[in-house]
S.K.: 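Questions regarding the structure given below will be posed in turn.
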Amino acid sequence: MGCSSSKGVSRSRPPPGVVDNLAEDIYVEIVGYSTSRDDLLCLRAVSSKFRGAVATVAVAHPASFRESRLVCPCHRTPASGLSPRAVAARAAVFGRGCRVLEFHAPTTAHFREFKKFASFGRLVALRVQMHRRDHAEFLSLCRLAPALLRLGLETRLGEDEEEESLGWTVKFVHGLYSQLSAACPRLEDVDLPPHPHEVYSPAESWAPLFPRLTKLDCGTNASNHTLRVDRVVKALEALPDVAHLDFDGVSLGAGDLPRIVDAAGDRLATIDFEDACVPVGDLVDCCARCPRLRRLTLPCTTGCPDLGRRLGDVAAAAPKLAGCIFPEDSYIDDEDLEPFFAGLALTHCEIRLSDYATNAALYCLLNGPSRETLRIFSVEHAPGVTIRGVLAVVMDCPRLSHLRWVASRDSEDLVDDLETIRDVLAPKRFHLPRWPGRRKSKTDVADAEVAIAVFFDVVLRARGGGARIEFY
């Protein structure tokens, strides 16, 4: 019985010394073949030599970080997520190589262990979801990461907590952000939650606390908010690196936009007017005043009347525009889009929720300079755009690598769409594979959806990208 027991032990665990008598570089090479963080953690438990090798490899192990990025979801129970002890173990192994960290801290104990990732001083990007009661722990973590460039924060109350009981006032929040700016003076991109009773936008309130900001948010959740243009102008004068302006949901009066743009000088590269109200003349004038403008999100036509007939003027005013997003509920049709597409070489184009754009708009895009430059294309909830138009963009734009198409099943018979693909590609001698579930007669709708999605994804993956196709 004793012999059989010892043999059983020897088969499950190597005899002492077997894995500890190799050269150190051998262990490092073995660990280098690991493909996940879990593999590294297992190897770390084998022996002291493997433990040292894992410490060496984990710093730059690409598979363990997905390009040095570590995302850790946590829950209250270890069974459904990482326990505080597990967080501590990962910090010990992977903390030195972690530069981008995202986590949700459901308890203060979790938060304290996540602080160990920052103790190495290498974090450049951080996104945190936390209870408001843990604000002191959050601030302590940020003080350990003075090299942070990007910071995102989401806060919430506990089930039995109230903002007043935590002292979470507007003044307190602004004070917390002031301490953050002192702790992380290099921050360029901050996404911080407004207080529920905050009536002013970041541009009007706390944004100047972060002198290296590159994006200025002028939007607010408050209803009927009138933007204090003087405050925005002063913020732009105090923030010389701002190149991106966000007017999402902002109502701008006549002359407001030119004042703001003049304060920014010629450094603006991106402007977002989604859900904004702005005079169309000011918008065109804004584009002309921004020679470095490369990306533009247009307002919906309800907030900017006559935008459709002035799209050609927008293109003429911003000849170097490379990316454009047409927002939801825009009454912009093919005739409006033709002069816009004719004058621009776009690399990124998105059309969202349009009842008026059809395949003809896509053909206008292909007849312009964008045919040779387009890399990213998205069309969502546009019943007039069918598979024939999307297919033309994919096959005729040689640099296109990313596609998103969201369409209704009712817009066209998906089974016949497969035949459309075959008819269009036949002259190009592009042979299609046998689709899943294909029968000698007709493919059913479910298989047609899979086949269409697979086809576009296969084509674009060959160009280094991919496709996201959704039918509803």
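Because the structure is a prediction, the values reported are computed rather than measured. All heavy atoms count here, side chains included; hydrogens, waters and symmetry mates do not.
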S.K.: Carefully, step by step, assess Leu192 and Phe210 under the rule side chain to side chain contact (heavy atoms under 4.5 Å, CB included).
M.R.: CA-CA 12 Å; Leu192 301 176; Phe210 301 91; 4.1 Å; yes
S.K.: Begin with the C-alpha distance, continue with both residues' side-chain angles, and end with the deciding distance and a verdict on salt bridge (charged side-chain N to carboxylate O under 4.0 Å, His left out) for Asp230 and Arg259.
M.R.: CA-CA 9 Å; Asp230 291 339; Arg259 288 181 58 196; 2.4 Å; yes
S.K.: At what distance, to the nearest 0.5 angstrom, does CG of Leu403 lie from OG of Ser378?
M.R.: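 These two atoms lie 7.5 Å from each other.
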S.K.: So Gln179 and His135, do their side chains get closer than 4.5 Å, heavy atoms only?
M.R.: no
S.K.: Report the residue from Leu176, Val173, Thr155 that forms a side chain to side chain contact (heavy atoms under 4.5 Å, CB included) with Arg132.
M.R.: Thr155
S.K.: Roughly how far apart are Thr347 OG1 and Arg375 CZ, rounded to 0.5 Å?
M.R.: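 So the OG1 of Thr347 and the CZ of Arg375 are separated by 7.5 Å.
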S.K.: Kindly indicate, with the supporting measurements, whether the criterion side chain to side chain contact (heavy atoms under 4.5 Å, CB included) is fulfilled by Glu328 and Asp275.
M.R.: CA-CA 9 Å; Glu328 300 177 357; Asp275 293 332; over 6 Å; no
S.K.: Can you confirm whether Pro305 sits close enough to Val280 that some side-chain heavy atom of one is under 4.5 Å from a side-chain heavy atom of the other?
M.R.: no
S.K.: Heavy-atom distance under 4.5 Å between the side chains of Asp282 and Asp256, does that happen here?
M.R.: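 The answer is no; the side chains never approach within 4.5 Å.
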S.K.: Is it true that a side-chain atom of Thr214 and a backbone atom of Asp189 form a donor plus acceptor pair closer than 3.5 Å?
M.R.: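 The answer is no, because no donor-acceptor pair under 3.5 Å joins these two groups.
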S.K.: Hey, could you give me the CG/CG distance between Leu344 and Leu374, rounded to the nearest 0.5 Å?
M.R.: 12.0 Å
S.K.: What do you reckon, is CD of Glu380 surrounded by more than 12 foreign heavy atoms closer than 6.0 Å?
M.R.: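 Yes, enclosed.
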S.K.: Going by salt bridge (Lys or Arg N to Asp or Glu O under 4.0 Å), Glu204 matches just one of Arg228, Arg231, Lys234. Which one?
M.R.: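 Result: among Arg228, Arg231, Lys234, Arg228 is the only option passing the salt bridge (Lys or Arg N to Asp or Glu O under 4.0 Å) with Glu204.
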S.K.: For Asn359 and Val385, work out which heavy atoms get closest and say how close.
M.R.: OD1-CA, 3.4 Å
S.K.: Tell me the closest heavy-atom pair linking Ala145 and Ala118, and the distance in Å.
M.R.: CB-CB, 4.3 Å
S.K.: I need the Arg463 CZ to Arg399 CZ distance, nearest 0.5 Å.
M.R.: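 Answer for the CZ-CZ pair, Arg463 versus Arg399, is 12.0 Å.
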S.K.: Any heavy-atom pair between the side chains of Phe273 and Leu296 that's under 4.5 Å?
M.R.: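 Leu296 reaches Phe273 side chain to side chain.
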S.K.: Are Cys364 and Leu337 packed together at the side-chain level, in the sense that at least one heavy-atom pair is separated by less than 4.5 angstrom?
M.R.: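 In short, these two side chains do not touch, never coming nearer than 4.5 Å.
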S.K.: Find the distance between CZ (Phe326) and CD1 (Ile351) and round it off to the nearest 0.5 Å.
M.R.: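 Between Phe326 CZ and Ile351 CD1, I get 6.5 Å after rounding to 0.5 Å.
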S.K.: Please tell me if the side chains of Phe456 and Ile387 come closer than 4.5 Å, counting only heavy atoms from C-beta onward.
M.R.: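 Side-chain contact under 4.5 Å: yes.
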S.K.: Determine whether Met130 and Glu154 satisfy the following criterion, side chain to side chain contact (heavy atoms under 4.5 Å, CB included), listing intermediate values before the conclusion.
M.R.: CA-CA 6 Å; Met130 70 173 196; Glu154 297 179 34; over 6 Å; no
S.K.: Under the criterion side chain to side chain contact (heavy atoms under 4.5 Å, CB included), which of Val232, Asp272, Leu257 is the partner of Phe247?
M.R.: Leu257
S.K.: So does Tyr331 get a backbone contact from the side chain of Thr301, meaning a donor-acceptor N/O pair under 3.5 Å?
M.R.: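 Checking the backbone N and O of Tyr331 against the side chain of Thr301, a donor-acceptor pair under 3.5 Å is found.
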S.K.: Hey, are Arg461 and Asp457 close enough for a salt bridge, meaning a charged N less than 4.0 Å from a carboxylate O?
M.R.: yes
S.K.: Could you report the tightest heavy-atom contact between Leu216 and Ala207, atom names first, then the distance?
M.R.: CD1-CB, 3.6 Å
S.K.: Quick check: does any side chain N or O of Ser370 sit under 3.5 Å from a backbone N or O of Leu346, one acting as donor and the other as acceptor?
M.R.: yes
S.K.: Is any side-chain heavy atom of Asp355 less than 4.5 Å from a side-chain heavy atom of Pro383?
M.R.: yes
S.K.: Heavy atoms only: give me the nearest Leu283-Leu298 pair and the separation to one decimal.
M.R.: CD2-CD2, 4.4 Å
S.K.: Can you tell me how far apart OH (Tyr177) and NE2 (His195) are? Round to the nearest 0.5 Å.
M.R.: 9.5 Å
S.K.: Mind listing the closest non-hydrogen atom pair of Leu239 and Pro211 along with its distance?
M.R.: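 Scanning both residues, the minimum pair turns out to be CD2-CA, 3.7 Å.
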S.K.: With a 4.0 Å cut-off on N to O distance, would you call Asp191 and Arg150 a salt bridge?
M.R.: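 So Asp191 does not pair with Arg150 through a salt bridge.
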S.K.: If we only count heavy atoms from C-beta on, is the Asp241 to Leu213 side-chain gap below 4.5 Å?
M.R.: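 Asp241 vs Leu213: side chains apart.
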S.K.: Apply side chain to side chain contact (heavy atoms under 4.5 Å, CB included) to residues Glu350 and His348 and explain how you reach the verdict.
M.R.: CA-CA 7 Å; Glu350 295 184 29; His348 180 175; 2.7 Å; yes
S.K.: Has Arg267 got a side-chain atom pairing as donor or acceptor with Val242's backbone, closer than 3.5 angstrom?
M.R.: yes
S.K.: More than 12 non-hydrogen atoms from neighbouring residues, nucleotides or ligands closer than 6.0 Å to CD on Glu335, yes or no?
M.R.: no
S.K.: Which pair of heavy atoms, one from Cys184 and one from Leu148, lies closest together, and at what distance?
M.R.: SG-CD1, 3.9 Å
S.K.: Assess whether atom NZ of Lys215 is packed by more than 12 heavy atoms of other residues, nucleotides or ligands within 6.0 Å.
M.R.: no
S.K.: Would you please indicate yes or no on a ring centroid separation below 6.0 angstrom for Phe111 and Phe103?
M.R.: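 They qualify: ring centres under 6.0 Å apart.
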